[in-house]
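Okay, structure first, notes after.
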Amino acid sequence: MSPFLYGKHHLTAGLSLSISRQHKTGELDRAQREKVAASAQIVRNFAKGRDAVYGINTGFGPLCSTKISPDDTAQLQHNLLMSHSVGVGSPIPQQTAKLMLILKVHALAQGFSGISLPTLDRILWHIDQNVIPVVPRQGSVGASGDLAPLSHLFLPLIGLGQVHYKGQVVPTPEMLQKEGLAPLQLQPKEGLALINGTQFITAFGVEVTDRLQACLSQADLIGGMMIEGLLGSVAPFHPELHNMRPYKGNQHVAARIRALLQGSEILNSHSHCDRVQDPYSLRCIPQVHGASRNAWLHLRETLEIELNSVTDNPIIVNEELSISGGNFHGQPMALPLDYACLAASEVGNVSDRRCYLSLTGIDGAVPKLLMQETGTNSGFMILQYTAAALASENKSLCFPASADSISTSLGQEDHVSMGSISGRKALQVVGNLERILGIELVCAAQAFDFRRPLKSSPLMENLHARVREEIAFADKDRVFATDLDKGAELVRERALIEVVKQSSQDIGTEFEGLFEKF
């Protein structure tokens, strides 16, 4: 497999995750090395010149008018990393910090930041050797980029901070000694290039995009299983209906449900029943899931622009032009992340409603509380409590972080995005969504069993069989927490998606094509 070329190839969420998981390598080719070296030379020339250039021969933020002598430019960059390392809270996951490194290298390698090749090569070493800095999760306001977390990310370059090293968290000096490496002396502008940028926000954006897509895909599958279990109608998924309101997400979800249930004996068994229409949580799956898919699509499109952008400051265009602007501001990512947070919460909200619906018995389709003998047995009653608690927690997290701004840097940074909070919060909601979907999966599989001896479609039968490999049918009370953990794990591991991929190939349906189009 050919390597990804930093600064040259087009980066996507999938590619960045593949590099972080060591499924693909990333390299800096000769052409980009030459561009990087030329940009670094321009910065060195600026540092020696008389004209003030922000962050190269001046102070930072409100100190932008304070001139720095050429002899002090290296100390200026060193002090910048130390003084801005003010993050607090528990560390972000190691993979998220590694994504930050990958995204920063790709931005710096475009040759507009004045970074030196030795510094860039050291960051590449950290990525390739999986020696990942420890980064606290709180402290960024998403304004001059993610200053605090990026400062912690690059403290190891100057011999400070901590790193994940061979399965342990160790002080950087200990790691450097064992690896026979020395701390770097930063060159003019390098500290500023390293800590200006949106890589903390964007790394969370990558993970939200990836995990939310998996949740959306599996929400359709679990919803389809619940339709079968509760004797729901397939009429609301008719293409003619959705052609009259042609949102991409709605049409995609409706087509997936139709393909998923094609050839079902269960559907045919109640095609002429007395029920006129289903509750919204079944009938409006295309509209609700589809709206969240539209939000996800907006996030993905925005994210790809951000992944391939230069977001530090100032930007070194050429020998004559250095622009001090605001490409580091997190607002372009903060808004779609807040939108995606709401989209994830709503999928969990409607999933909880289907859990509740399955407990009601809905016109005798299933026994109340999804168990034949209740009284002594409480059945699935309390499982829905947990889904409700998680759904409510998600709702409380839906206040948009980007709606807030607090002036910082003595008023120099008088509007900030709070995008780092948007990213962290959205990922937290997605984590809760994975558990809610796991609970619905347990309930849907239980309801599905009451349709026997009738069979659903081959795809749905394979999905149900996969669930039953992990979670048994319940005819009396047991410790359901174990079932809920297994359900959530199936969702997190994307087991249902894998079943669909394999089954669609075996059966020769168009389902997988639909899955890939969105």
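Bear in mind that the values here come from a model prediction, so they are computed numbers and not experimental data.
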For side chain to side chain donor-acceptor pair (under 3.5 Å), just list the numbers for Ser351 and Glu440, CA-CA rounded to whole Å, side-chain angles, deciding distance to a tenth of an Å, and then say yes or no. CA-CA 6 Å; Ser351 175; Glu440 186 188 356; 2.6 Å; yes

I want to check something: taking the side chain as every heavy atom from C-beta on, are [X] and [Y] in contact at a cut-off of under 4.5 Å?
X	Y	answer
Ser322	Ile42	no
Thr209	Gln213	no
Leu441	Leu496	yes
Lys8	Lys35	no
Arg293	Ser217	yes
Ile123	Tyr6	no
Leu108	Val36	no
Asp312	Ile315	yes

Ignoring hydrogens and angles, tell me if any N or O in the side chain of [X] forms a donor-acceptor pair with the backbone of [Y] under 3.5 Å.
X	Y	result
His289	Val350	no
Ser503	Val500	no
Gln218	Val491	yes
Ser420	Ser140	yes
Thr311	Phe328	no
His126	Ile132	no
Ser18	Gly14	yes
His106	Gly7	yes
Lys189	Ala47	no

Test Asn349 against Glu346 for side chain to side chain donor-acceptor pair (under 3.5 Å), laying out the working first. CA-CA 5 Å; Asn349 195 8; Glu346 275 304 289; 3.2 Å; yes

Distance check, rounded to the nearest 0.5 Å: [X] atom [atom1] versus [Y] atom [atom2]?
X	Y	atom1	atom2	answer
Ser292	Leu297	OG	CG	12.5 Å
Leu117	Leu124	CG	CG	10.0 Å
Glu413	Ile406	CD	CD1	13.0 Å
Gln95	Met100	CD	CE	13.5 Å
Leu433	Ser345	CG	OG	8.5 Å
His9	Phe4	NE2	CZ	7.0 Å

For a quick test of reading the model, state the closest non-hydrogen atom pair linking [X] to [Y] and the distance between them.
X	Y	answer
Gly330	Ile201	CA-CD1, 3.9 Å
Ile316	Val43	CG1-CG2, 3.9 Å
Asp485	Arg492	O-NH2, 4.4 Å
Asn308	Leu11	OD1-N, 2.7 Å
Ala40	Ile115	CB-O, 3.5 Å
Gly26	Asp128	O-OD1, 4.5 Å

Using side-chain contact (heavy atoms from CB on, under 4.5 Å), reason through Ile421 and Asp404 one step at a time and then give a plain yes or no. CA-CA 10 Å; Ile421 302 171; Asp404 185 34; over 6 Å; no

Is the CD atom of Gln177 crowded by more than 12 outside heavy atoms at less than 6.0 Å?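 Counting other residues, nucleotides and ligands, CD of Gln177 stays at 12 neighbours or fewer.
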
More than 12 non-hydrogen atoms from neighbouring residues, nucleotides or ligands closer than 6.0 Å to CD on Gln168, yes or no?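 No, not enclosed.
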
Side-chain H-bond candidate by donor/acceptor type, [X] with [Y], under 3.5 Å:
X	Y	result
Lys248	Asn294	no
Glu190	Ser116	yes
Asn432	Glu393	yes
Arg435	Thr386	no
Asn45	Gln41	yes

I would like to know whether Arg256 and His252 meet side-chain contact (heavy atoms from CB on, under 4.5 Å); could you show each step before the answer? CA-CA 6 Å; Arg256 295 190 82 213; His252 179 73; 3.3 Å; yes

Pair Glu207-Thr96, side chain to side chain donor-acceptor pair (under 3.5 Å): steps then yes or no: CA-CA 8 Å; Glu207 295 197 288; Thr96 311; 2.5 Å; yes

Begin from the C-alpha positions of Leu194 and Gln77 and carry the test side-chain contact (heavy atoms from CB on, under 4.5 Å) through to its verdict. CA-CA 10 Å; Leu194 291 169; Gln77 304 303 315; over 6 Å; no

Atom pairs and distances, side-chain donor-acceptor, residues 152-165, under 3.5 Å, sequence neighbours left out:
| unit_1 | atom_1 | unit_2 | atom_2 | d |
| --- | --- | --- | --- | --- |
| His152 | NE2 | Val86 | N | 3.4 |
| His152 | NE2 | Gly87 | N | 2.9 |
| Tyr165 | OH | Glu179 | OE2 | 2.6 |

Between Lys104 and Asp146, is there a salt bridge with N-O shorter than 4.0 Å?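 Here Asp146 does not pair with Lys104 in a salt bridge, since their nearest N and O are not under 4.0 Å apart.
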
Give a yes or no on whether a salt bridge exists between Arg21 and Asp210, defined as a side-chain N under 4.0 angstrom from a carboxylate O.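 So Arg21 pairs with Asp210 through a salt bridge.
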
Please lay out, stage by stage, how Leu17 and Leu99 fare under the test side-chain contact (heavy atoms from CB on, under 4.5 Å). CA-CA 7 Å; Leu17 286 166; Leu99 280 169; 4.0 Å; yes

In terms of relative ring orientation, are Phe204 and Phe200 parallel, tilted or perpendicular, with 30° and 60° separating the classes?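 Rings of Phe204 and Phe200: tilted, 30 to 60°.
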
